Amino acid sequence: MLRIILIGPPGSGKGTQSQFISGKYNIPQISTGNILRSEIYSKTPTGKKIKKLIDTGKLINDNIIINLIKKILNKKKYKNNFLLDGFPRTMEQAICMKNYKIFVNYVLEFKLCEKLIFERLSGRRIHIPSGRIYNINYNPSKIVNKDDITNEKLSIRQDDTEKIIKNRLNEYYKLTKPLLSFYKDESIKGNIKYFQLNCEKNPKDISKEIEKILK
Ligand code: AMP
């Protein structure tokens, strides 16, 4: 059984490594950010409700996200293995998960300094329908501004501007960082395995490190 949570600031490479882990170990990936962005892209009622919060870099309401995750994790596909990228993001979400007995066995903490966070996010491009991520400097698409698989156009995320990145970092420090001590404690109790990744390295080396951890 492989049940993994990735935690780290925006731009630390969680999405890129999710793609790697999910492909390599055939684990279904749940990226709450991607799910929420497709709701906005498809202009669903939830999408309309959350657009402003996402565009300004604020976390969306715990109830909305918890209900969404519960519905997803109930599906057969996620019975044994799953990879959570972007959830839980608040103590409330983590405690709710524990109360619902949704157990995980690995927590990977992504560490990156602010200077590199800003640098990486400014080069990020995404294919919204699939969530595929590129970076014009580190991981460019084969054709400029086109998705490698569908050839559809790539987008710059609305929330990848300097001002909004600052808001997202503040939300991370205030609401998400406390999860790190929570999961370190869980690891001391022997309930999970906790690992820190130095994300200043290039993405391929980080993937190799993850392979060693999950071996
Ligand atoms: P991400 O793609 O992980 O950077 O997420 C993009 C945005 O989606 C965040 O800035 C939040 O507004 C929202 N979001 C994603 N996951 C969560 C979550 N677990 N709780 C609250 N908001 C979330």
Side-chain angles (χ1 to χ4, degrees), residues 3-22 29-42 44 46-73 78 82-100 102 104 107-110 112 114 116-118 120-135 154-180 182-183 199:
R3 291 176 163 198
I4 308 169
I5 293 178
L6 309 185
I7 305 181
S12 56
K14 300 184 302 295
T16 305
Q17 296 305 329
S18 285
Q19 286 174 188
F20 164 75
I21 298 169
S22 167
Q29 168 196 358
I30 302 166
S31 156
T32 43
N34 284 351
I35 296 167
L36 299 171
R37 272 184 295 280
S38 5
E39 295 276 338
I40 295 175
Y41 191 70
S42 318
T44 65
T46 312
K48 286 181 187 156
K49 228 192 292 178
I50 60 176
K51 181 171 175 7
K52 196 153 178 230
L53 285 172
I54 295 209
D55 285 352
T56 50
K58 298 279 179 198
L59 291 193
I60 64 155
N61 183 288
D62 282 328
N63 285 337
I64 296 183
I65 200 87
I66 288 166
N67 285 333
L68 189 98
I69 284 285
K70 273 200 304 200
K71 244 188 258 166
I72 296 174
L73 288 177
Y78 303 103
F82 56 76
L83 170 67
L84 288 171
D85 161 19
F87 183 92
R89 215 137 154 166
T90 62
M91 277 307 290
E92 168 121 23
Q93 293 173 16
I95 288 166
C96 219
M97 243 182 116
K98 203 173 169 181
N99 291 344
Y100 283 112
I102 303 169
V104 293
V107 173
L108 307 184
E109 179 195 340
F110 284 55
L112 188 64
E114 281 200 14
L116 285 176
I117 288 175
F118 281 96
R120 289 197 188 163
L121 289 180
S122 65
R124 176 155 77 179
R125 301 291 180 271
I126 59 164
H127 177 242
I128 297 178
S130 69
R132 271 185 290 280
I133 305 166
Y134 301 87
N135 188 295
L154 300 180
S155 310
I156 297 179
R157 273 172 55 168
Q158 291 266 3
D159 56 352
D160 275 349
T161 60
E162 198 174 322
K163 180 168 172 271
I164 307 298
I165 294 168
K166 280 188 187 146
N167 291 349
R168 287 159 66 203
L169 277 170
N170 285 338
E171 293 284 83
Y172 178 75
Y173 296 135
K174 195 171 65 186
L175 299 167
T176 310
K177 247 191 141 179
L179 295 185
L180 303 179
F182 173 77
Y183 284 117
C199 299

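Both counts, for ligands and for their atoms, begin at 1 and track the order of listing. Numbering starts at 1 and runs along the sequence shown. What's counted below: heavy atoms across the whole structure, side chains too, no hydrogens, waters or symmetry copies. On a predicted model such as this, the values are computed, not experimentally measured, just so you know.
Protein residues lining ligand 1, listed by chain and number: T32, G33, L36, R37, I54, K58, L59, I60, I65, G86, F87, R89, Q93, R157, R168 [non-hydrogen atoms, distance under 4.0 Å].
When atom types are taken as modelled, the side chain of N135 and the backbone of R120 share a donor-acceptor pair closer than 3.5 angstrom. Panel note: side chain Q19, backbone I133; a donor-acceptor pair is recorded below 3.5 Å. Although no hydrogens or angles enter the test, the distance criterion places no donor-acceptor pair under 3.5 Å between the side chain of K49 and the main chain of T44. Of the possible donor and acceptor atoms, none in the side chain of S12 sits under 3.5 Å from a partner among the backbone N and O of L112.
With a 6.0 Å radius and a threshold of 12 heavy atoms from other residues, nucleotides or ligands, Y173 has its OH atom above the threshold.
Under the 4.0 Å criterion applied to side-chain N and carboxylate O atoms, D159 and R124 are not assigned as salt-bridge partners.
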